[in-house]
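Inspection log for the structure reproduced underneath, given as structure tokens.
Remember, it's a predicted structure, so these values are computed and weren't measured experimentally. Note that ligands are numbered from 1 as they come in the structure, with each ligand's atoms numbered from 1 the same way.
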Amino acid sequence: MKIFTTDAIKKADAVTIEKEPISSVNLIERAAESSAYWIYLNCKNYTRFTIFCGPGKNGSEGFAIARMLYLKGFDVDVFIDKSKSKLSDDALLNFKRLQDFSGITIYDFVEIDQYNFEKTVLVDALFGVGLSQNLEVIYKDVIQKLNLKKNPKISIDIPSGLFANHLNEENDIIFKTDYTLTFQFWKKSFLHPETGIYSGEVVVLDIKLNQEFIDKTETFDFVIDDDLILKIFKPRENFAHKGIYGKAIIVGGSYGKMGAAVLATKSAMRTGSGLTFVLAPNCGYTVLQTTCPEAIFIEGCEKKIIQIEEQENAVYGIGPGLGTEKETEKGLFKFLKNHQKPLVLDADALNMISKDESYLKIIPKHSIITPHPKEFERLFGKTENSFERLDLAKRKAKELEIIIVLKDHYTQVVTSEGLAFYNVTGNSGLAKGGSGDILTGILTSLLAQQYPSLEAALLGVWLHGKAADFAFEKYSREAMQPTDVINEIGNVFLSLNKKATTKL
Ligand SMILES: NC(=O)C1=CN([C@@H]2O[C@H](COP(=O)(O)OP(=O)(O)OC[C@H]3O[C@@H](n4cnc5c(N)ncnc54)[C@H](O)[C@@H]3O)[C@@H](O)[C@H]2O)[C@@H](O)CC1
Ligand SMILES: [K+]
């Protein structure tokens, strides 16, 4: 799914209005209907809604939602700024429509302090993507007061005060919501840690904006959605043999960090590589042969790896638990200098590469590197925030012709063309040691199965997150373990296969 800038969203609205054709207020009606319907389906424990409306189209949607919820039998109150009352035409029209409903009381923002907030859901329809400057004082006051309330909160399109595609100023006042019902596209700010904390759970509602315009309009940012994954995923062939599905070699483990190699090897196998090898120090022999009997062990040195031998037609995933000893570093660089095929580099492999800028240049083209924010900083330098970090990743991915998987709550796959794909599967149960090792195993396995690098990265991060979501449902975010995630990879493939196979 494409992520549009505010300007492109406005154009998409305008083109839809012109080409469909549909009036602006009827398009607002469509957006309001989809919001009211979602609320009707999902708010089972509440019968009371208090809707805060602004002066523009977002406010107009608020008025329409108020009317629709009232007609569905809910108790609805509306708050506006009565003192200035400079509503836009679209807002005025829906505001006037409300006057036919004597059961809906319209309050002024100044009455908030006297209002009874008991058991009501707060709906924020103050500002949408039309916010062009910092908020006026009157709206800041309202938002500050509402942010102190414990009531459930829903924002329409975007939490009021938040910009859609860039960072706010540090002291900006922003509505902090539990749910955001957003129209047609994810907004970039929902996907970054500094701004995403305001948007809560995001629900994207399809309001059927002009598809031709969406298809034609270029963008640099995307969300990995199910449609994209189904285009990438190739179900296993009936007449397959193990040779078709490649040879994955995990290079990792050192004395005391053998678990990382175990997790990466297990997840490579669960992802389907035809043959899976693990190159690890000899001290890991028993543990690896016991925990991963299907994998083939390649001997390293006693307690660390000092050389990586080139094997024909193999895809390497290097890093989990590898350690950063001088001899390991030497072995890694000797290997990388002569190796041409795309591979996966993670963890300690990246830590060793970050020791010298010239090392970056010997990463084979189209390889996938998977740094978390700290590793990224060591590799490419400090940035002020995650928006700048992504911009830097785009420049570096282009320069080095590699794919950077920037691990975060919403991991970003950054391509050598300067595009970013945000992954929205996964949860904070993955914020545990070992999760990254699993991703390395999955990516190595997909590359070995001849998925092109970008497709392997997109499918890999999605699969990793999806398996984590399945594990979360069984064990909770707190208790789920990386091993539980590996054990759910199979269920993710089952659900993918169900969708991908031809049905009669
Ligand atoms: N027909 C359409 O064009 C559609 C509009 N949609 C909705 O419309 C929203 C965008 O509507 P608008 O462009 O009217 O913008 P908003 O409703 O976000 O707000 C803009 C209004 O607020 C005023 N304003 C802007 N910044 C302000 C500030 N800092 N302090 C006080 N007032 C300020 C502007 O003068 C304008 O009246 C979307 O977020 C979405 O909710 C969607 O329903 C899709 C269809
Ligand atoms: K809003």
Side-chain angles (χ1 to χ4, degrees), residues 4-36 38-39 51-66 68 79-81 83-95 109 122-143 146-147 153-165 168-169 172-187 189-190 198-200 202-210 213-214:
F4 275 5
T5 60
T6 309
D7 284 349
I9 294 171
K10 284 186 182 158
K11 270 194 201 136
D13 288 345
V15 169
T16 307
I17 289 167
E18 187 203 322
K19 292 262 171 77
E20 195 168 318
I22 182 171
S23 66
S24 171
V25 78
N26 280 345
L27 188 54
I28 285 171
E29 192 78 356
R30 192 144 94 198
E33 262 166 15
S34 62
S35 310
W38 185 92
I39 292 172
I51 305 184
F52 296 82
C53 298
K57 290 175 183 162
N58 199 254
S60 181
E61 268 151 15
F63 295 131
I65 291 168
M68 291 166 189
F79 271 86
I80 58 164
D81 170 23
S83 65
K84 290 190 183 168
S85 61
K86 42 175 188 185
L87 297 177
S88 69
D89 291 350
D90 284 317
L92 195 61
L93 211 150
N94 272 330
F95 176 66
F109 289 150
L122 310 185
V123 179
D124 149 40
L126 291 169
F127 296 102
V129 296
L131 187 73
S132 50
Q133 54 204 305
N134 289 336
L135 287 173
E136 281 175 19
V137 177
I138 182 157
Y139 292 105
K140 279 188 183 166
D141 277 355
V142 172
I143 293 174
L146 298 183
N147 278 348
K153 300 182 182 80
I154 300 175
S155 282
I156 302 304
D157 204 23
I158 187 166
S160 295
L162 187 71
F163 291 115
N165 35 351
N168 282 73
E169 299 288 326
D172 280 357
I173 306 294
I174 301 166
F175 189 82
K176 199 162 189 299
T177 197
D178 299 306
Y179 291 90
T180 298
L181 308 184
T182 199
F183 301 124
Q184 201 75 45
F185 315 100
W186 275 83
K187 315 296 183 267
S189 57
F190 301 164
Y198 294 97
S199 49
V202 175
V203 179
V204 181
L205 299 173
D206 183 357
I207 58 163
K208 306 264 177 293
L209 294 182
N210 188 277
F213 177 82
I214 296 174

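- Note: F109 and F79 have parallel aromatic rings, judged against thresholds of 30 and 60 degrees for the angle between ring planes.
- Using a 4.0 Å cutoff on heavy atoms, I156 does not count as a contact of ligand 1.
- Residue Y139 places no N or O, backbone or side chain, under 3.5 Å from any N or O of ligand 1.
- Proximity to G128 (heavy-atom distance under 4.0 Å) selects the following atoms of ligand 1: 16 (P), 17 (O), 18 (O), 39 (O).
- Proximity of P55 to ligand 1 is established by a heavy-atom distance of less than 4.0 Å.
- With the K ion (ligand 2) as vertex, S160 OG and I158 O subtend 100°, rounded to 10°.
- Contacts between D157 and ligand 1 below 4.0 angstrom, taking non-hydrogen atoms only, involve the side chain exclusively.
- Using a non-hydrogen distance threshold of 4.0 Å, I207 registers as a contact of ligand 1.
- For atom 2 (C) of ligand 1, the nearest non-hydrogen atom of the protein is K57 CD, 3.7 Å.
- For a threshold of 3.5 Å applied to N or O pairs, the pair formed by F183 and ligand 1 contains no separation below that value.
- Ligand 1 has a nitrogen or oxygen under 3.5 angstrom from a nitrogen or oxygen of G130.
- The shell of residues lying under 4.0 angstrom from ligand 1, judged by heavy atoms, includes S132.
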| request: Carefully, step by step, assess L162 and K187 under the rule side-chain contact (heavy atoms from CB on, under 4.5 Å). | output: CA-CA 10 Å; L162 187 71; K187 315 296 183 267; over 6 Å; no
